[in-house]
Amino acid sequence: MEIAPHYAPAEVEEKWYKFWLEKKIFHSEPDNRRPYVVVIPPPNVTGVLHMGHMLNNTIQDVLVRRARMMGRNACWVPGTDHASIATEAKVVNMLKERGIDKRSLDREEFMKYAWEWKEEHGGIILKQLRRLGASCDWDRTAFTMDPIRYESVIRVFCDLYRKGLIYRGVRMVNWDPKALTAVSDEEVIYKESQSKLYYLRYFVEGEDKYIVVATTRPETILGDTAVCVHPEDERYSWLKGKKVIVPSVGRVVPIIMDEYVDREFGTGALKITPAHDINDYNLGMKYGLPSIDIFNDNGTLNSEGGKYVGMDRFACRKQIVKDLDEQGLIEKIEDYVNKVGHSERTDAVIEPKLSAQWFMSMTEVAKKALEVVEDDTIQFHPEKFKNTYRHWLENIKDWCISRQLWWGQRIPAYYLDIEGRQETIVAETAEEALRLAQEKFGSTVKAEDLRQDEDVLDTWFSSWLWPISLFDGIRNPDNEEIKYYYPTDDLITAPDIIFFWVARMIMAGEEYRKEVPFRHVYFTGIVRDKLGRKMSKSLGNSPDPIGLIEKYGADGVRMGMLLTAPAGNDLPFDESICEQGRNFANKIWNALRLVKGWTVSDELQQSDDNAKSIQWMEQRMAAVLEGIEYDFDHYRLSEALMKSYKLVWDDFCSWFLEMVKPAYGSPVDRETYSATLGIFERLMCILHPFMPFVTEEIWHLLKERCESATIMLQHYPMSVFYDQRMLDDFDRTRELIAGVRGIRNSKGLSPKESLDLYVKGQHPSQFDGIVMKLANVGKIEAVEEKMDGAVSLMVGTTEYYVPMSSNIDVAAEVEKLKGELAYAEGFLASVMKKLSNEKFVNGAPEAVVNNERKKKADAEQKIEALKAQLKAFGC
RNA sequence: GGAAGUUUAGCUCAGCCGGUUCAGAGCACUUGCCUUACAAGCAAGGGGUCACUGGUUCGAAUCCAGUAACUUCCACCA
């Protein structure tokens with residue numbers, strides 16, 4: 001059989017992915033097996049696959065594939081998020097490009113365009129995930145706005161409203177003047193920026209005196225309704241009860257006194273604009289000040305803006321400063337660094353704004369959600385995120401859930417004007433709303449009288465139901481699927497959505513299933529470039545994932561990412577790491593070429609050495625598997641991968657295959673051959689979760705499997721009892737072989753030149769045949785005394801001699817021995833220091849002391865041997 | 001302003017409850033090799049005052065306190 005020397009991933013990947021899909025290997029139905037469930041963090045329909053997705057989904061796939069091979073009924077549910085603000089913005093842009101203004105459309109027309117856009121672009125990212133090898137159950141692909149999810153959201157809204165957990169109120173909210181909607185506190189990103197601090201003069205009414213007030217937002221003076229100073233601030237006590245004139249506007253406003261004011265900041269006097277600052281709003285409420293809103297929704301000045309009406313807020317700022325300056329009302333302007341809130345989605349500067357919004361009260365649900373993490377019903381990996389989580393939940397504020405958009409679940413609240421009052425009916429459908437309205441207010445109420453709320457719900461108000469709604473557990477809480485698949489097992493996500501999503505899913509789980517939505521949360525790190533910067537479009541430092549897959553193979557990229565990504569650690573991504581993955585795939589590929597190139601003989605008896613080699617490899621595999629199991633149990637995926645990597649590359653390729661490899665032209669016995677294939681096959685199973693494509697391919701080629709088989713249905717190997725003593729003996733043997741090779745290396749001898757080996761002391765002779773083969777040793781014999789004309793090496797306390805045909809370099813040999821002697825003596829001294837310390841001998845545990853005694857004996861023996869050797873050289 | 005985390009080899013990290021020659025791994029590096037599986041490779045090597053200071057202890061990379069640097073999260077002063 002001819003196999004190319006380089007592994008070519010492209011066609012292999014396409015072939016097997018198609019095969020897995022055809023065989024429906026990824027599909028799950030409830031049965032009597034134990035389920036293993038992961039729900040995907042639904043990427044935004046606007047999203048394009050980036051390195052963060054790659055990392056996150058690779059991790060999910062590793063866990064899912066391993067669980068599947070371990071006999072669990074693995075179900076990984078994919079889907080996308082409708083991302084209301086982001087998508088609506090995309091659609092608006094698309095319309096603009098086509099010359100259509102959103103405002104010229106009605107809701108229905110707009111939604112038609114939006115769905116069109118979604119159908120066209122919304123599935124890209126899921127398709128890209130297939131290239132990575134993601135073993136999602138695509139038959140279950142969901143969307144946060146598909147009928148089941150949509151209805152679930154509406155039901156939950158109604159239910160929470162009835163329970164009194166959802167209410168409508170006029171509050172100060174974060175207004176995004178670009179997207180023209182309110183956003184939640186979590187969607188505001190504070191960025192440090194270079195601002196100015198303007199010192200403005202407010203003249204006292206009827207006097208020629210003034211007070212200076214500092215502000216970063218001079219345009220908001222148009223909405224000023226008071227100036228506040230600290231009641232104990234003696235500088236301003238003369239102002240008590242007086243009124244001042246707002247510059248430019250000429251409005252007369254009172255001086256109020258409140259301890260809220262920081263006397264140290266600015267001039268110690270604060271202008272109060274209740275409509276445009278949360279703190280001012282609070283003070284306004286406290287002192288009954290009027291609230292003057294000076295902005296339109298898009299951030300331009302409204303009719304309260306006087307001569308600035310219609311101007312953009314930032315243009316207005318410039319103009320007003322200029323005007324005030326001309327009037328001599330500016331005392332001074334200072335540079336000032338402060339943090340300004342930006343919208344997460346549009347990056348527009350957030351405007352605090354008073355408006356009627358829907359809120360969900362969080363205090364009660366937060367308590368339960370905190371409890372299940374505190375008591376480890378849900379475990380976080382790494383654990384440190386517990387702190388972040390606790391802090392947020394303990395200081396939680398109500399969640400603003402309404403958005404002034406069209407793309408999303410429309411709030412199922414209906415308004416009805418009755419005798420000048422506005423009544424609110426919350427119902428799942430318009431028909432039900434009408435029925436309820438008629439019951440309450442009489443049959444005269446007609447459908448036209450009901451006006452549905454124009455707003456939609458926050459995207460996260462559908463995402464938080466995801467683990468339940470995916471299995472239709474909101475609408476049909478007792479259906480077989482939700483009972484079987486819920487709660488899910490592991491959630492793999494980035495730490496930046498711990499509040500947006502993780503915490504709220506836990507709340508929803510408690511509220512609607514009385515059970516946590518998952519057992520473990522694995523927080524991945526953030527993928528950065530090698531300079532430590534976040535990957536972003538504007539920096540252009542984000543590699544194209546599909547390009548990487550094409551260059552290194554999906555397996556190579558997966559491995560590269562996982563190798564440097566312990567849970568919670570940021571991942572400084574450098575493309576070259578994928579090379580290691582690619583090289584590894586190639587290494588395995590070539591091991592296959594080697595084994596498949598052997599001729600097999602049925603007559604040939606298995607040698608003892610081959611039997612030993614197999615025995616050792618089996619033991620070794622069992623031991624390493626034990627470690628891998630531990631790593632998976634503790635979500636240490638990079639460690640598990642590294643162990644697998646070394647098991648295959650070092651133990652299997654560098655040692656085992658070299659040990660059993662027949663001499664050129666000679667056949668291998670049947671028994672060894674089968675055992676080798678068996679081991680190889682199991683190694684592929686161990687590796688499969690990490691590198692699904694190359695392992696599937698090799699697994700097939702190894703035994704020329706029938707086409708319908710797949711490695712995915714093989715059992716993941718488990719560790720078994722192993723003989724540690726044998727492994728230790730072999731480690732000594734490895735050391736010996738390396739030592740002999742080292743001698744050859746340093747003496748410039750050819751590997752082809754056979755050497756002899758003499759042993760003084762204890763020696764695990766069971767591996768002698770292997771030593772002879774791998775170190776090219778002709779014979780191994782025991783001796784009693786140091787040998788002349790030989791180079792020596794030590795393994796543990798055993799001495800080995802390799803006679804040299806040519807003269808050996810005495811000086812170099814002496815030098816080497818002296819170095820070893822000095823080290824051994826130093827070591828002995830440190831051991832003696834401990835042993836001569838009475839407190840140590842009495843205080844330390846006996847095992848530790850005995851160990852020190854053994855170290856002492858060994859060191860002494862070694863020193864003696866070294867001295868004897870040196871003496872032989874005449875030193 | 002508050003909190004958390006990190007600091008170990010050139011890079012990325014592992015070192016659990018203090019004690020094995022404990023100072024490790026992978027990559028990178030050096031030297032020698034195209035040895036008929038693999039140069040995307042083989043063999044053999046070099047490399048670290050465990051951030052700093054002090055303390056606890058017979059014994060500290062590991063525990064405690066302080067300092068410094070970096071990172072993240074939360075809050076926010078106009």
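Every chain is numbered from 1 and lettered A, B, ... according to where its sequence line falls, protein lines coming before strand lines.
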OH of A/Y645 versus C1' of B/G26: gap in Å, rounded?
-> 7 Å

Pairs in or reaching into residues 551-568 of chain A: which pass side chain to side chain donor-acceptor pair (under 3.5 Å), with residues at least two apart or in two chains?
-> A/D61-A/R558, A/K551-A/E575, A/Y552-A/E575

Give A/D496 one of three labels, base, sugar-phosphate or nothing, depending on what nucleic acid heavy atoms sit under 4.0 Å from its own.
-> nothing

Reckon A/D574 touches a base, only the sugar-phosphate, or nothing at all at heavy-atom distances under 4.0 Å?
-> nothing

Provide a list of protein-nucleic acid N or O atom pairs under 3.5 angstrom, restricted to nucleotides 39-45 of chain B.
unit_1, atom_1, unit_2, atom_2, d
B/A40, O4', A/N583, OD1, 3.0
B/A40, O2', A/N586, ND2, 3.2
B/A40, N6, A/H6, ND1, 3.3
B/G41, OP1, A/N583, ND2, 3.2
B/G41, O3', A/K587, NZ, 3.2
B/C42, OP1, A/K587, NZ, 2.6
B/C42, OP1, A/W649, NE1, 2.7
B/A44, O4', A/N745, ND2, 3.1

Most 5' of A/N395 and A/A269 on RNA chain B, judged by nearest nucleotide = A/N395

Can you tell me the distance, in whole Å, between the CD atom of A/Q580 and the C1' atom of B/C13?
-> 12 Å

Give me the distances for all protein-to-nucleotides 60-62 of chain B N/O pairs that come in under 3.5 Å?
none

Might you list the N or O atoms of the protein lying below 3.5 Å from N or O atoms in nucleotides 14-19 of chain B, with each pair's distance?
unit_1, atom_1, unit_2, atom_2, d
B/G15, OP1, A/R636, NH1, 2.9

Which string of ( ) [ ] | and . matches RNA chain B, if you list each base 5' to 3' and count Watson-Crick or G-U pairs only when both distances are under 3.5 Å?
-> (((((((..((((.....[....)))).(((((.......))))).....(((((..]....))))))))))))....

Could you pull out all residues at least two apart from A/E579 that satisfy side chain to side chain donor-acceptor pair (under 3.5 Å)?
-> none

Could you state the atom-to-atom distance from CZ of A/F385 to C1' of B/U72 in whole Å?
-> 8 Å

CD1 of A/I577 versus P of B/C13: gap in Å, rounded?
-> 10 Å

